[in-house]
Amino acid sequence: MARRLLTLATFNVNGIGARLPHLLAWLAREKPDVVALQELKALDAAFPVAELEAAGYGALWQGQRSWNGVALLGRGVVPVESRRGLPGDAKDTQSRYLEAAVHGVLVAAIYAPNGNPQPGPKFDYKLRWMQRLARHARTLAGQPVPVALLGDFNVVPTDADIYDPKGWRRDALLQPEAREAYRDLLAQGWTDALHQVHGDAPVFTFWDYFRQHAERDRGLRIDHLLLNPVLAATLKDAGVHRWVRLQEKASDHAPTWARVAAPARR
DNA sequence: ATGGCTGGCGACGCCAGA
């Protein structure tokens, strides 16, 4: 018997207030089952829960004034929260991690620090945050249930994942330490869904607002879907909904997705 | 080597993004 498929997606909206029309249009057209959002740039009270409910999505969110902010959406269901915030630093108040069970998959919404300028305190924070992520992700990778880390990792994994590696070589997103942190994650057993499906063919998820880079497909791959071995075994396809990035007043990121088998009900 | 564009904040210019 063929099993139902599930579409997992991650979308850095760059302001939920400014991007709600784009988000709703994308949900209506692509109907993803599980969605991680980043960069809400809004307080909890400003999260558009009613509009999302009307669109058929249950939501869980962790906002913050002006910056950061993550959320999880479930098509037809409210995600069941398992963790709010990354462990390892009680003084870190930035809203960058939210974890819940959605449609039988344990999913984390991740917004890793940008880290620019580097070197400097922001880059140090980026690396410390990635270490904390690795420590927690290790406890999730080997779980005998499907687990996915969905988010903006703010790491360009290799020079094949950017249109101009030379022009960006000093950027925090390309630094060897950042790339090593990402490789360390993968070494725990996570599968990078987009890379698994497309290999080294360039598939970008972010295009900056300058020089018509979106139209010219001069982008970076920084939004990633990492699947633990249980879930990776059911991976069917992965891609990027670039049409969203080509809309008027779009986010600088596009929704990135992976199709997997829906876990059997237990 | 730099600046280019955008959202949020809060009131015109600044910070942060990547």
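Numbered from 1 within each chain, the chains take letters A, B, ... in sequence-line order.
In this entry the distance linking CG of A/Asp152 with C1' of B/dG17 reads 10 Å, nearest Å. Look at CD1 on A/Ile222: it is 12 Å from P on B/dG17, rounded to the nearest Å. Going from atom CG of A/Asn68 over to atom C1' of B/dC15 covers 13 Å, rounded to whole Å. For the pair A/Trp168 CH2 and B/dG3 C1', the computed distance is 13 Å after rounding to whole Å.
Stem list for DNA chain B (at least 3 consecutive Watson-Crick or G-U pairs, distances under 3.5 Å): B:5-9 with B:13-17.
Taken to the nearest 0.5 Å, the CG atom of A/Asp152 stands 7.0 Å off from the OG1 atom of A/Thr205.
Under the side-chain contact (heavy atoms from CB on, under 4.5 Å) criterion, A/Pro119 pairs with no residue at all, not counting sequence neighbours. Every ring-ring contact (aromatic ring centres under 6.0 Å, His included) that A/Phe47 has, sequence neighbours left out, goes to A/Trp61. In terms of the side-chain contact (heavy atoms from CB on, under 4.5 Å) criterion, residue partners of A/Arg83 (sequence neighbours excluded) are, by chain and number, A/Pro87, A/Tyr97, A/Glu99, A/His136. In terms of the salt bridge (Lys or Arg N to Asp or Glu O under 4.0 Å) criterion, residue partners of A/Glu81 (sequence neighbours excluded) are, by chain and number, A/Arg84.
Here A/Lys126 lies out of heavy-atom contact (under 4.0 Å) with every strand.
The stretch residues 229-238 of chain A participates, sequence neighbours left out, in no side-chain hydrogen bond (donor to acceptor under 3.5 Å, both in side chains) pair at all. The salt bridge (Lys or Arg N to Asp or Glu O under 4.0 Å) pairs that include a residue from residues 119-143 of chain A are A/Asp92-A/Arg132, where partners are two or more places apart or lie in different chains. Sequence neighbours left out, not one pair with a member in residues 36-58 of chain A passes salt bridge (Lys or Arg N to Asp or Glu O under 4.0 Å).
A gap of 13 Å separates the C1' atoms of B/dG4 and B/dA18, to the nearest Å.
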What donor-acceptor contacts under 3.5 angstrom involve side-chain atoms of residues 100-115 of chain A, with partners at least two apart or in another chain?
| from | atom 1 | to | atom 2 | distance (Å) |
| --- | --- | --- | --- | --- |
| A/His103 | NE2 | A/Arg75 | O | 2.9 |
| A/Asn114 | OD1 | A/Asn116 | N | 2.8 |
| A/Asn114 | OD1 | A/Asn116 | ND2 | 3.0 |

Please tabulate, for side-chain N and O atoms in residues 195-203 of chain A, each donor-acceptor pair with protein atoms closer than 3.5 Å (sequence neighbours left out).
| from | atom 1 | to | atom 2 | distance (Å) |
| --- | --- | --- | --- | --- |
| A/His195 | NE2 | A/Asp200 | OD1 | 3.3 |
| A/His198 | NE2 | A/Ala238 | O | 2.8 |

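By the criterion of side-chain heavy atoms lying less than 4.5 angstrom apart, applied directly or through intervening Ile, Leu, Val, Met, Phe, Trp or Tyr residues, A/Phe11 is grouped together with A/Tyr57 in one hydrophobic cluster.
In the region residues 108-121 of chain A, proximity to DNA chain B at under 4.0 angstrom, judged on heavy atoms, holds for A/Tyr111, A/Asn114, A/Asn116.
Ranked by how close their nearest DNA chain B nucleotide is to the 5' end, A/Asn12 and A/Phe210 are led by A/Phe210.
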Could you list all N or O pairs between the protein and nucleotides 6-8 of chain B that sit under 3.5 Å apart?
| from | atom 1 | to | atom 2 | distance (Å) |
| --- | --- | --- | --- | --- |
| B/dG7 | OP1 | A/Arg19 | NH1 | 3.4 |
| B/dG7 | OP2 | A/Lys249 | NZ | 3.3 |

